[in-house]
Amino acid sequence: MSGEPAPPGELLPWEWARRRLAGARDYWGATTRPGGRPHCRPVWGVWLHLESGQEVVIVEGAARMGHDAETLREMCAVYGPKYDYPISPREDGTVVDASGTGGPAFHVVPEVVFGWGPELASPTRWRF
């Protein structure tokens with residue numbers, strides 16, 4: 001947390017982080033505005049930063065709009081049932097809901113993921 005090396009101990013397995021990312025309902029997204037000012041908000045998603053402060057998983061990477069058709073279909077197939085809010089892919093790389101409201105879908109390509117359990121137990125870093 002403060003830049004010091006973690007005490008020796010057991011590292012968390014990737015499956016620990018994957019289960020929490022897939023099972024979460026709300027995530028925190030953090031971006032920077034063009035001038036560098038941070039912007040954070042809770043969002044729905046398939047994976048991102050979890051809202052838990054006790055079992056923490058933080059995904060860092062570059063967010064991009066647009067997807068290939070197959071990736072967008074796969075994302076919609078997970079997102080719709082998860083939130084009981086069906087969305088469908090459009091050919092332009094955006095998504096649309098049942099009411100016809102559409103918008104972009106963002107994809108974060110993970111570069112590094114951090115995780116730790118309660119009481120900062122087993123701090124672990126995964127690199128991609």
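This chain uses plain numbering: 1 for the first residue, then up along the sequence. No hydrogens, no waters, no symmetry mates; every other heavy atom, side chains included, goes into these values.
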Notebook entry, point to check: Is Glu91 atom CD crowded by more than 12 heavy atoms from other residues, nucleotides or ligands, each under 6.0 Å away?
Noted result: no
If you look at every heavy atom in [X] and [Y], which pair is closest and at what distance?
X	Y	result
Val108	Ala63	CG2-CB, 4.0 Å
Trp16	Val57	CZ3-CG2, 3.7 Å
Ala105	Val95	CB-CG1, 4.2 Å
Pro118	Glu55	CD-CG, 3.9 Å

Residues 76-88 side chain polar contacts: donor-acceptor under 3.5 Å, at least two apart:
from, atom 1, to, atom 2, distance (Å)
Lys82, NZ, Ala22, O, 3.2
Lys82, NZ, Ala24, O, 2.7
Lys82, NZ, Tyr27, OH, 2.4
Lys82, NZ, Gly45, O, 3.3
Tyr83, OH, Arg25, O, 2.6
Tyr83, OH, Gly45, N, 2.9
Tyr83, OH, Gly45, O, 2.9
Tyr85, OH, Asp97, OD2, 2.4

Contacts under 3.5 angstrom, residues 119-128 side chains, donor-acceptor by atom type, not counting sequence neighbours:
from, atom 1, to, atom 2, distance (Å)
Ser122, OG, Glu10, O, 3.1
Thr124, OG1, Leu12, N, 2.8
Thr124, OG1, Ser122, O, 2.9

Margin query: What's the separation between atom CG in Leu72 and atom NE2 in His107, rounded to the nearest 0.5 Å?
Written below: 11.0 Å
Item checked: Interatomic distance, Met75 atom CE to Glu70 atom CD [nearest 0.5 angstrom] -> 12.5 Å
Can you give the donor-acceptor pairs under 3.5 Å from side chains of residues 35-43 to other protein atoms, not counting sequence neighbours?
from, atom 1, to, atom 2, distance (Å)
His39, ND1, Arg33, NH2, 3.0

